[in-house]
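Reading through the structure tokens given below for one structure.
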Amino acid sequence: MVGPDGTLPLPWLDAPLTQALATQRGHALLIHGPQGVGQWDLTLTLAQAYLCESAGASRKPCGVCASCKLVQAHSHPDLLVLLPEALREPLGWGSDEEGGASEEKAGKRKPSKEIRVDEVRQAIAFAQTTSARGRGKVVVIHPAERMNGISANALLKTLEEPPGDAKLLLSCAAPDALLPTIRSRCQAVQLGLPDAAVATAWLGTQSVQQPEVMLAATGGQPQDVLEWLAEGIDAKLWVALPKQLARGDVGTMASWPLPRVVDVLQKLCHDAMRIAAGGQPRYFPASSLPAAPALPSLTTWSRELSRMARQAEHPWNAGLLVESLTQQASQALAPRP
């Protein structure tokens, strides 16, 4: 969202924000694009713009009016943000009361990764009430693909027949995971990968070392770079990883979340296959990759990693599984005989 200084949270959001505000026709928008490029930030900024009481001709939020300050404080009475329990703390959104309730629930079960039907029904009821500040109501749902089938169906009628001047903003990294009937009722706002030069410069302002290496590592998704760094994955480690795995050395991967391990191995396999086929790598510097392995071995490895990716959230014995995956990597990366 726009802060008191009037700047956007991410510099590459200016053009899509301007376009979304200029072309917005319906009451429901679906903001979608690759993970880690700012869907959440753009969605919140749009919500702030709709509620802003001093927006100029551009309709962008001013960042300093009372309404903008309420949005910044997460306390605007006409804004409801619907998140899975598991994302509320990482995204820093939720009242103290909600936090207390979440802590009490956390003692009994893991925070839900889904947006449940009772939460969607509460959002629908919220949208039907009168605006407190006269700028309408805004409901943000993020990530929209976390709605289960029952939740999504509960939202359909409201998307088709919105109450009053309410606006619904759905943020999504996997639009194909949504019901076609949800997608068809929303105006799409597509957010692509940011320009590499802009993203690299922004990462530099975040004190990221070798930002170009880390940006390539995440597939051009700059927000993911910060998440990786928080997990201890920096450029030095990234460059050393291929040859480390070729030696069968688990290293720091033993402490990574299993989905991250599988994702990294898939990227390494992808680049190794490109090298074996005479192409250029996408995620790793060419100099960091071992000599071209045999393509059949890499193909077999790729299939096994795809199978594992579908089961990465399963409660495996992570330590033993990472060791097994490392041995598979070492065998697949062995030089051609």
Non-hydrogen atoms of [X] and [Y] that approach each other most closely:
{"X": "Phe126", "Y": "Leu79", "result": "CZ-N, 3.6 Å"}
{"X": "Gly220", "Y": "Leu193", "result": "O-CD2, 3.5 Å"}
{"X": "Leu178", "Y": "Ile182", "result": "CD1-CG2, 4.3 Å"}
{"X": "Gln223", "Y": "Leu10", "result": "NE2-CD1, 3.5 Å"}
{"X": "Ser131", "Y": "Lys137", "result": "CA-CD, 4.0 Å"}
{"X": "Ile115", "Y": "Pro143", "result": "CD1-O, 3.6 Å"}

If we ignore hydrogens and angles and just use 3.5 Å, is the side chain of [X] paired with the main-chain N or O of [Y] as donor and acceptor?
{"X": "Glu323", "Y": "Val250", "value": "no"}
{"X": "Gln244", "Y": "Asp249", "value": "yes"}
{"X": "Ser302", "Y": "Leu298", "value": "no"}
{"X": "Gln187", "Y": "Thr23", "value": "yes"}
{"X": "Arg135", "Y": "Cys52", "value": "yes"}
{"X": "Gln39", "Y": "Gly33", "value": "yes"}
{"X": "Arg59", "Y": "Leu21", "value": "yes"}
{"X": "Asp234", "Y": "Gln209", "value": "no"}
{"X": "Trp12", "Y": "Val37", "value": "yes"}
{"X": "Arg146", "Y": "Leu83", "value": "no"}

[X] side chain near [Y] side chain, heavy-atom distance below 4.5 Å:
{"X": "Ser151", "Y": "Glu119", "value": "no"}
{"X": "Leu215", "Y": "Pro222", "value": "yes"}
{"X": "Glu114", "Y": "Met147", "value": "no"}
{"X": "Thr18", "Y": "Lys60", "value": "yes"}
{"X": "Leu46", "Y": "Gln24", "value": "no"}
{"X": "Leu229", "Y": "Gln206", "value": "no"}
{"X": "Ser54", "Y": "Val64", "value": "no"}
{"X": "Thr45", "Y": "Pro9", "value": "yes"}

Nearest 0.5 angstrom please: [X] [atom1] to [Y] [atom2], how far?
{"X": "Ser184", "Y": "Leu30", "atom1": "OG", "atom2": "CG", "result": "11.0 Å"}
{"X": "Glu161", "Y": "Arg185", "atom1": "CD", "atom2": "CZ", "result": "9.5 Å"}
{"X": "Arg133", "Y": "Cys65", "atom1": "CZ", "atom2": "SG", "result": "7.5 Å"}
{"X": "Thr158", "Y": "His27", "atom1": "OG1", "atom2": "NE2", "result": "8.5 Å"}
{"X": "Leu44", "Y": "Gln48", "atom1": "CG", "atom2": "CD", "result": "8.5 Å"}
{"X": "Ile31", "Y": "Ser171", "atom1": "CD1", "atom2": "OG", "result": "6.5 Å"}

| said: Using the rule given for side-chain contact (heavy atoms from CB on, under 4.5 Å), can you reason through His32 versus Glu145, listing the C-alpha separation, both sets of side-chain angles and the distance that settles it, and then say yes or no? | reply: CA-CA 10 Å; His32 67 91; Glu145 65 267 36; over 6 Å; no
| query | Is the number of heavy atoms from other residues, nucleotides or ligands within 6.0 Å of CD (Gln72) greater than 12? | reply |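 Counting other residues, nucleotides and ligands, CD of Gln72 exceeds 12 neighbours.
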| Would you say Gln19 has more than 12 foreign heavy atoms packed within less than 6.0 Å of its CD? | no
For residues 253-268, please give each side-chain donor-acceptor pair under 3.5 Å, one per line with the distance, not counting sequence neighbours.
from: Ser255; atom 1: OG; to: Thr252; atom 2: O; distance (Å): 2.9
from: Trp256; atom 1: NE1; to: Thr252; atom 2: O; distance (Å): 3.3
from: Arg260; atom 1: NE; to: Glu231; atom 2: OE1; distance (Å): 2.9
from: Arg260; atom 1: NH2; to: Glu227; atom 2: OE2; distance (Å): 3.1
from: Arg260; atom 1: NH2; to: Glu231; atom 2: OE2; distance (Å): 3.2
from: Lys267; atom 1: NZ; to: Ala217; atom 2: O; distance (Å): 2.9

| said: Using 30° and 60° as the class boundaries, would you call the ring planes of Trp238 and Phe284 parallel, tilted or perpendicular? | reply: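 Geometry flag for Phe284 against Trp238: parallel rings.
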| query | With under 30° as parallel and over 60° as perpendicular, where do the rings of His270 and Tyr283 fit, or are they tilted in between? | reply | perpendicular
| Can you tell which of Leu29, Leu155, Leu82, Val189 makes a side-chain contact (heavy atoms from CB on, under 4.5 Å) with Leu170? | Leu155
| task | Please assess Leu159 against Cys186 for the test side-chain contact (heavy atoms from CB on, under 4.5 Å), listing each intermediate value before the final yes or no. | result | CA-CA 8 Å; Leu159 285 174; Cys186 297; 4.2 Å; yes
| query | When Ile, Leu, Val, Met, Phe, Trp and Tyr are grouped by side-chain heavy atoms lying under 4.5 Å apart, directly or through other members, which residues fall in the same group as Ile150? | reply | Val117
| Which is it for Leu305 and Trp301 under the side-chain contact (heavy atoms from CB on, under 4.5 Å) test, yes or no, and what are the steps along the way? | CA-CA 6 Å; Leu305 288 173; Trp301 186 33; 3.6 Å; yes
| said: Any carboxylate oxygen within less than 4.0 angstrom of a Lys/Arg side-chain nitrogen, looking at Glu160 and Lys157? | reply: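 Not counted as a salt bridge, because no side-chain N and carboxylate O are separated by less than 4.0 Å.
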| message | side-chain contact (heavy atoms from CB on, under 4.5 Å), that's the test. Do Val120 and Ile141 meet it? Break it down for me. | response | CA-CA 9 Å; Val120 170; Ile141 302 178; 5.5 Å; no
| query | Quick one: do Leu70 and Val2 end up in the same hydrophobic cluster if we chain Ile, Leu, Val, Met, Phe, Trp and Tyr together by side-chain heavy atoms under 4.5 Å apart? | reply |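 Each belongs to a different hydrophobic cluster.
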